[in-house]
Amino acid sequence: MNGKSVMECVDAAHAVIEQHRDEIAQLDQAIGDGDHVFNLLRGLEALIELRPQIEGLEFQPALSLSASKLLSTIGGSSGPLLASLLMGMAKTPAPELNSSSLAAMFKSGVAMMAARGKAGVGEKTMLDVLIPVSETFEELTSTHVSSDQLLSAIKTRAEDGMLATREMIATKGRASFLGERAVGHIDPGARSSQLIITAICDLVAGRHESRASDALEYAGRGA
Amino acid sequence: MNGKSVMECVDAAHAVIEQHRDEIAQLDQAIGDGDHVFNLLRGLEALIELRPQIEGLEFQPALSLSASKLLSTIGGSSGPLLASLLMGMAKTPAPELNSSSLAAMFKSGVAMMAARGKAGVGEKTMLDVLIPVSETFEELTSTHVSSDQLLSAIKTRAEDGMLATREMIATKGRASFLGERAVGHIDPGARSSQLIITAICDLVAGRHESRASDALEYAGRGA
Amino acid sequence: MKKFINTPATYLMDSLNGFAAAHADLVTLHLEPLVLTRRERQSKVALISGGGSGHEPLHAGFIGHGMLDAACPGQVFTSPTPDQMIAAAELVDTGAGVLFIVKNYSGDKMNFEMAAEMLSTSNATVIINDDVAVENSSFTTGRRGVAGTVIVEKIVGALAETGANLEDCRLMAEHVNSRLASMGVALKSCIVPAAGTPTFNLPDDEIEIGVGIHGEPGRRRSPMASASSIVAELLGAILADLKPEAGVEVLLLVNGLGATPVSELYLLFNDARCQLEQRGLRVSRSLVGNYTTALEMAGASITLCLLSKELTALWDAPVHTAALRWGV
Amino acid sequence: MKKFINTPATYLMDSLNGFAAAHADLVTLHLEPLVLTRRERQSKVALISGGGSGHEPLHAGFIGHGMLDAACPGQVFTSPTPDQMIAAAELVDTGAGVLFIVKNYSGDKMNFEMAAEMLSTSNATVIINDDVAVENSSFTTGRRGVAGTVIVEKIVGALAETGANLEDCRLMAEHVNSRLASMGVALKSCIVPAAGTPTFNLPDDEIEIGVGIHGEPGRRRSPMASASSIVAELLGAILADLKPEAGVEVLLLVNGLGATPVSELYLLFNDARCQLEQRGLRVSRSLVGNYTTALEMAGASITLCLLSKELTALWDAPVHTAALRWGV
Ligand SMILES: Nc1ncnc2c1ncn2[C@@H]1O[C@H](COP(=O)(O)OP(=O)(O)O)[C@@H](O)[C@H]1O
Ligand SMILES: Nc1ncnc2c1ncn2[C@@H]1O[C@H](COP(=O)(O)OP(=O)(O)O)[C@@H](O)[C@H]1O
Ligand SMILES: [Mg+2]
Ligand SMILES: [Mg+2]
Ligand SMILES: [Mg+2]
Ligand SMILES: [Mg+2]
């Protein structure tokens, strides 16, 4: 694992977000300000422009460079949050790279994001996807499940977490201004996080078959 | 003929303009700025509020008072024009009131309006109705036609004049800014003048049967 | 019709009462007839303008030091009446005479003309006709007066403050008018409150090039285009009219028609400025904002004024009005 | 989407380039990272604000004497990034420290927070949350920051010019924020250029009461109503929050959201002023215009600020910026 692996994940994330562009835009129009998908795309495209530099680095330095670039490119809420996630991962001591050190990195990345957002599970944010995912990742790497089982468990937790935001009242982020009126809408950040997690799992699994469900699957208000 | 006759004409004019409100509004929206009918109604309503004073006066003083009131109430192009018409009528020497002195009054009223507007026949304005009408009025009062024949000749000239504006290019007034684009539209001032002339003729003829054609008859663009 | 309004009949007075209350330090509102005058009276040629309402801040927003002494607001898009102009003249004349600044519309001209005929005090009138969307011709009413009026009011207002006499003020107004050209474009019609329906209907992908400030049709309908190509068309017409020599300094006014935010006006300004400099003109003075509106019409107009040392100095002179203020 | 725009991607820079060119006497535009700074540098506490673009003239229009020293514009409706804020601080700090004036949105707060953590020079931050449409609560993000921000920037800007230190400026900003309350209403949604479709859809006869300046839903949809009843609802919420004592003097800001003409804003001002005076409050200062917009949203907001002798004097102090200017 190195800068090349980081860029593979970036490419996978970019592809899946592009594919769900309208859906994510509509989710943020419904309970936010409509910019979430453009923020993500701007950030991911900035990383793609940095490809030569990132690919030339080891794994954690590549994450660290990506974090700074996202921080100075995205803005909004997602900028500091995603930068914190990658920064936290980059800073975690990891003498060797394996699935349990990756799980530890991811856990402290998510913790750094949660600290930045002053948020936890149940507040209708991307953390409703990322915290459960980091828990599953950590739990299952310490047991002896197959890589396939691990990846599919992660994808399931991500989807559950994303879907759970639909019935929540938001207490953090822009949707918190809406009170009850946010209920019935999936959080855009939760959806984008789940899509990216899933795309990376598929990448890792080497399963590149398109799993794109209808791009507008979750955009419908309410149901 | 006295102030009471003036108010009868005002009432007839008010009724017919109210009845054609939307049509006249649309004509002025098409080639002007849309206010013509509101200008007329504001002026006529101001005269109706002055009823006691106007009705207490002789014919020409009543016209003179009405002229001043219109001048300070209407504004726009129609204010000075209609005020000039009535002022010109009020100022014409008329030792006795009969149809030929009325025709002379009307002629000099129209002349005063034309002088104010620096306009004549063929410029796509209310003068395309009023000038022909004043000519017919003068011609026929000097011959021996019946009052019915006179009134119906006036109404025909008024309608012909009004309809003729449809194919004209305007050289005066707001429609002149449009050049060729005004062709195909009847001038709102010509239409309102024709309606008022007709209503007054009907009043004079004692024929109060409603002659209201479809209120939107002439509003259709083009045809 | 979604407007902040109580009833169409009270719209004008409700709005003017708000304006007069918000700017009580600058203006006084008179009723019957309706006139707004400058609070501080000063011995100089008095500048009076007026016209239909719906173009705010024109004209009342330009009453004050260095601009107008009085404004006569008509009904929406309807010229005011002669009694308003006469009252205004009587209220603000200090013996040096009054200059009427009139936009070139039949109604405005006739009403101001009748006022001038009835006035006993010395007065002069200048007719502003800066809109190049309309062809000029001696047989017709000619070009409309639009946003360039603000520039005339500012520059002649500054001259009047110096104590210039009535004839010099009139000549300066004519001079500025001869160096002005404007053209506008609409993205969306306005709605006259009394009418309650849009003055014109513009499909979602069309614009009206050369629109008037009352929603009068312009030169042509055209498909929606990029800001820079819209600017190119407006500037093309303006420059064809003004025919400025290369190197000349110009004042560039980008004026909003009511419903266009300043961010878009600055974007138009950017395109206009770049295109002018490419043609060798120097934008040495500028003004960007909503100065001559058409109710809530979405759209904008561009005005150029060819400057000279004298005009630049008068433009820079202090002004203190509700809508334009600097140097004081 | 009918906007004066070249492409959504170039919208922001085209508009900022126009702004910077039109106000080159007041501001300097820096690229990479994007920062606008005040041209005249002065030894005093530096005031820096910033936030998503689309609210023009906020914030860049308030750079200049008596208000801001720098502004960091983000993408449309997206908080700017920490590197912009750090660059801004480094450009304008004169040793007296910098005060960040931040509207209360997650994104703005987190980005400014990270900038503050990374900055070596002395700095403080104040969070503005004047929008009473949203209930405050210690468990949530709380109220949004909206048009009242302009009043904080003006008053604290005046204080900073007097040489007040960083802590005093911060305390004054908190103090003003505690005496501010705002609420808005939308008649028509805006369109984010990158999205190309309206943020929300409002039927022809409905309005959104309590709308946010990014088109966030408000308290409720309501049928279109008269100006005075809309004003009554906004003022009701504002006064319920501020609970002013009778006889107190207030500053009344009627702010347009972008597509509402000033004539309607003055009409709202008239209704608001009358209703406030009926409740025994005195509108001793006022501001009417487009100061904190939401792209081309049609609508308006009302802000009240409870005044004191000190606040009034700071409000009256000279200010010279692109969008607010008096006394100089
Ligand atoms: N305090 C927070 N903690 C965690 N996530 C947050 C927080 N605030 C916002 N978010 C996430 O950010 C997403 C919105 O991101 P984005 O649209 O890019 O920023 P903004 O809300 O500033 O426009 C939300 O959907 C939510 O998932
Ligand atoms: N110079 C003129 N001479 C004669 N009639 C004119 C002249 N200018 C305008 N009109 C008439 O006035 C009518 C418009 O009146 P109105 O709408 O009240 O005024 P405005 O054009 O100022 O809005 C036109 O339809 C035309 O008949
Ligand atoms: Mg967002
Ligand atoms: Mg008209
Ligand atoms: Mg008119
Ligand atoms: Mg945002």
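Residue numbers start from 1 in every chain, and the chains themselves are labelled A, B, ... in the order their sequence lines are given, proteins ahead of strands.
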(request) Measure the spacing between CZ of D/Phe4 and CG of C/Leu267 and express it to the nearest 0.5 Å. (result)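 Here the interatomic distance stands at 10.0 Å.
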(message) If you count heavy-atom pairs within less than 4.5 Å of chain C, which of D/Val288, D/Leu257, D/Leu268, D/Leu16 leads?
(response)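 Of the options given, most contacts go to D/Leu268.
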(request) Between chain C and each of D/Ala322, D/Pro261, D/Ala300, count heavy-atom pairs under 4.5 Å; write down the option with the most. (result)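 When all of D/Ala322, D/Pro261, D/Ala300 are compared, D/Pro261 has the most.
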Contacting region of [X] [heavy-atom separation from chain C under 4.5 Å]:
X        : result
D/Ala21  : both
D/Leu187 : both
D/Leu324 : neither
D/Ala272 : neither
D/Val328 : backbone

For chain D against chain C, give me the donor-acceptor pairs closer than 3.5 Å, one per line with atom names and distance.
residue: C/Lys2; atom: NZ; partner: D/Leu187; partner atom: O; Å: 2.6
residue: C/Lys2; atom: NZ; partner: D/Pro203; partner atom: O; Å: 3.0
residue: C/Lys2; atom: NZ; partner: D/Glu206; partner atom: O; Å: 2.6
residue: C/Phe4; atom: N; partner: D/Glu264; partner atom: OE1; Å: 2.8
residue: C/Ile5; atom: O; partner: D/Ala227; partner atom: N; Å: 2.9
residue: C/Asn6; atom: OD1; partner: D/Ala227; partner atom: N; Å: 3.3
residue: C/Asn6; atom: OD1; partner: D/Ser228; partner atom: N; Å: 2.9
residue: C/Asn6; atom: OD1; partner: D/Ser228; partner atom: OG; Å: 3.4
residue: C/Asn6; atom: ND2; partner: D/Asp271; partner atom: OD2; Å: 3.0
residue: C/Tyr11; atom: OH; partner: D/Ser263; partner atom: OG; Å: 3.0
residue: C/Asp14; atom: O; partner: D/Asn270; partner atom: ND2; Å: 3.4
residue: C/Ser15; atom: OG; partner: D/Ser263; partner atom: O; Å: 2.8
residue: C/His23; atom: NE2; partner: D/Tyr266; partner atom: OH; Å: 2.6
residue: C/Leu187; atom: O; partner: D/Lys2; partner atom: NZ; Å: 2.7
residue: C/Pro203; atom: O; partner: D/Lys2; partner atom: NZ; Å: 2.9
residue: C/Glu206; atom: O; partner: D/Lys2; partner atom: NZ; Å: 2.7
residue: C/Ala227; atom: N; partner: D/Ile5; partner atom: O; Å: 2.9
residue: C/Ala227; atom: N; partner: D/Asn6; partner atom: OD1; Å: 3.3
residue: C/Ser228; atom: N; partner: D/Asn6; partner atom: OD1; Å: 2.9
residue: C/Ser228; atom: OG; partner: D/Asn6; partner atom: OD1; Å: 3.4
residue: C/Ser263; atom: O; partner: D/Ser15; partner atom: OG; Å: 2.8
residue: C/Ser263; atom: OG; partner: D/Tyr11; partner atom: OH; Å: 3.0
residue: C/Glu264; atom: OE1; partner: D/Phe4; partner atom: N; Å: 2.8
residue: C/Tyr266; atom: OH; partner: D/His23; partner atom: NE2; Å: 2.6
residue: C/Asn270; atom: ND2; partner: D/Asp14; partner atom: O; Å: 3.4
residue: C/Asp271; atom: OD2; partner: D/Asn6; partner atom: ND2; Å: 3.0

(message) Tell me which of these, C/Cys190, C/Ala20, C/Gly299, has more heavy-atom pairs under 4.5 Å with chain D than the rest.
(response)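 Counting heavy-atom pairs under 4.5 Å, the top option is C/Gly299.
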(request) Below 4.5 Å from any heavy atom of chain D, which atoms of C/Ala298 appear? Answer side chain, backbone, both or neither. (result)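 C/Ala298 has no heavy atom closer than 4.5 Å to chain D.
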